[in-house]
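Reviewing the structure listed below.
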Amino acid sequence: DEKQTKKNMQSMNFKNTWNSKVEELANRRKANKEEHAINEFQEYLLFKVNSQTKHAIILGFVHRLEEFKISKIEYSGNQRLMRYGDSILPLISVSQHLGLGNRQHEEKKETISVIVIQKAGALFGLEVDEIIDTLSTDVEETQGFVKQVGIFGNLNSPNEIIIIVDPFELINLVCPQLQPPSDVKI
């Protein structure tokens with residue numbers, strides 16, 4: 001009887017240990033699923049340019065958001081620049097480089113909205129008309145219908161289409177020397 005009781009207890013301990021391990025594994029899978037579901041959401045910074053359609057940049061690309069007085073803009077040749085701490089910040093007009101022209105304001109603006117992006121250790125300012133908000137969505141990006149430099153694709157949100165801008169392609173237009181040689185694979 002004693003041996004049988006001991007075997008039964010060992011068997012119960014084994015089952016309890018096994019069940020707790022299975023339960024632990026199930027809980028880990030559940031947590032991983034929830035974490036994965038959270039990771040499926042992409043965050044964007046929404047902004048306006050000279051277009052009726054909203055535009056966005058993946059939020060992870062954004063270094064800082066700034067507002068500068070127009071009177072502080074300087075030039076190097078035809079490149080607009082801002083003094084930015086100890087460095088120089090080249091300004092890139094998103095409207096102009098996407099072929100949308102420049103917005104004609106009835107009243108003169110005193111400031112510009114700038115999205116600061118870092119590439120290859122250098123900072124660049126993407127000038128936009130207005131920074132709107134952030135968007136967290138699980139809507140999949142679709143490729144643009146027309147291949148255009150500076151555009152990743154589109155988001156077909158429930159309320160509107162949003163154009164996803166590729167800030168690095170815009171930077172490459174202004175500073176092509178930052179692109180790796182074509183024979184180098186990244």
Side-chain angles (χ1 to χ4, degrees), residues 29-68 70 73 79-80 82 84 89-107 109 111-180 182 184-186:
R29 281 188 181 160
K30 184 178 177 186
N32 284 342
K33 257 188 176 176
E34 289 170 358
E35 184 179 319
H36 185 58
I38 290 169
N39 291 338
E40 288 178 6
F41 278 78
Q42 179 67 56
E43 293 189 343
Y44 297 92
L45 176 69
L46 299 175
F47 57 90
K48 286 185 181 178
V49 291
N50 192 21
S51 170
Q52 292 180 343
T53 306
K54 286 181 187 169
H55 287 64
I57 289 179
I58 294 172
L59 192 59
F61 294 164
V62 176
H63 183 71
R64 288 184 61 103
L65 301 176
E66 299 286 355
E67 202 166 82
F68 296 117
I70 290 177
I73 296 174
Q79 177 60 55
R80 295 165 18 128
M82 290 295 304
Y84 193 66
L89 184 72
L91 296 175
I92 301 167
S93 168
V94 175
S95 290
Q96 188 176 5
H97 284 86
L98 291 181
L100 301 171
N102 290 322
R103 187 176 287 269
Q104 302 299 320
H105 295 285
E106 291 178 19
E107 73 238 28
K109 280 178 59 172
T111 60
I112 58 171
S113 298
V114 176
I115 302 167
V116 179
I117 305 290
Q118 186 171 16
K119 179 177 181 187
L123 297 174
F124 298 85
L126 300 183
E127 180 185 350
V128 300
D129 291 346
E130 180 185 353
I131 296 169
I132 303 171
D133 201 355
T134 58
L135 170 69
S136 182
T137 182
D138 61 351
V139 173
E140 293 280 325
E141 278 179 26
T142 60
Q143 293 295 316
F145 293 101
V146 176
K147 177 62 183 149
Q148 182 178 344
V149 172
I151 295 186
F152 269 139
N154 303 298
L155 281 179
N156 187 7
S157 74
N159 301 326
E160 61 194 331
I161 292 175
I162 300 170
I163 298 171
I164 309 300
V165 172
D166 182 343
F168 301 111
E169 280 192 347
L170 294 178
I171 291 168
N172 289 342
L173 289 174
V174 175
C175 297
Q177 69 273 17
L178 293 178
Q179 281 185 281
S182 59
V184 174
K185 293 186 180 177
I186 302 176

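Hydrogens, waters and symmetry mates are skipped; everything else that's a heavy atom, side chains included, is used. The chain is numbered in sequence order, starting from 1.
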Side-chain donor/acceptor pairs under 3.5 Å, residues 156-166, sequence neighbours excluded:
| unit_1 | atom_1 | unit_2 | atom_2 | d |
| --- | --- | --- | --- | --- |
| Ser157 | OG | Glu160 | N | 3.2 |
| Ser157 | OG | Glu160 | O | 2.7 |
| Glu160 | OE2 | Lys54 | NZ | 3.1 |
| Asp166 | OD1 | Phe168 | N | 3.0 |
| Asp166 | OD1 | Glu169 | N | 3.3 |

Applying side-chain contact (heavy atoms from CB on, under 4.5 Å) to Leu135 and Leu155, what does each step give before you reach the verdict?
CA-CA 11 Å; Leu135 170 69; Leu155 281 179; 4.1 Å; yes
Does Ile117 reach the side chain of Ile115, with side-chain heavy atoms less than 4.5 Å apart?
yes
Atom pair CD/CD1 of Glu127 and Ile112 - distance to nearest 0.5 Å
4.0 Å
Does some side-chain heavy atom of Leu173 sit less than 4.5 Å from a side-chain heavy atom of Ile92?
no
Between OG1 of Thr134 and CD of Glu43, what distance do you get to the nearest 0.5 Å?
6.5 Å
Which atom pair, heavy atoms only, marks the closest approach of Gly125 to Leu89?
N-CD1, 3.6 Å
How long is the gap from CG on Leu126 to CZ on Phe61, to the nearest 0.5 Å?
11.5 Å
Do you know the tightest heavy-atom contact between Tyr44 and Thr137?
CE1-CG2, 3.8 Å
Any heavy-atom pair between the side chains of Leu98 and Ile151 that's under 4.5 Å?
yes
Taking only residues two or more places apart in sequence or in another chain, which ones pass salt bridge (charged side-chain N to carboxylate O under 4.0 Å, His left out) with Glu66?
Arg64
Give the minimum heavy-atom separation between Ile132 and Phe47, together with the two atoms involved.
CD1-C, 3.7 Å
Is there a side-chain contact between Leu91 and Met82 (heavy atoms, below 4.5 Å)?
yes
From Glu130 atom CD to Lys109 atom NZ, the distance as rounded to the nearest 0.5 Å:
8.0 Å
Could you tell me which non-hydrogen atom of Gln42 sits nearest to which non-hydrogen atom of Ile58, and how far apart they are?
NE2-CG2, 3.0 Å
What residues, two or more places apart in sequence or in another chain, satisfy side chain to side chain contact (heavy atoms under 4.5 Å, CB included) together with Glu67?
Thr111, Ser113
Which heavy atom of Gly150 sits nearest to which heavy atom of Leu170, and what is that distance?
CA-CD2, 4.0 Å
Do the ring planes of Phe68 and Tyr84 sit parallel (below 30°), tilted (30 to 60°) or perpendicular (above 60°)?
perpendicular
Heavy-atom closest pair, residues Val49 and Ser95
CB-OG, 3.1 Å
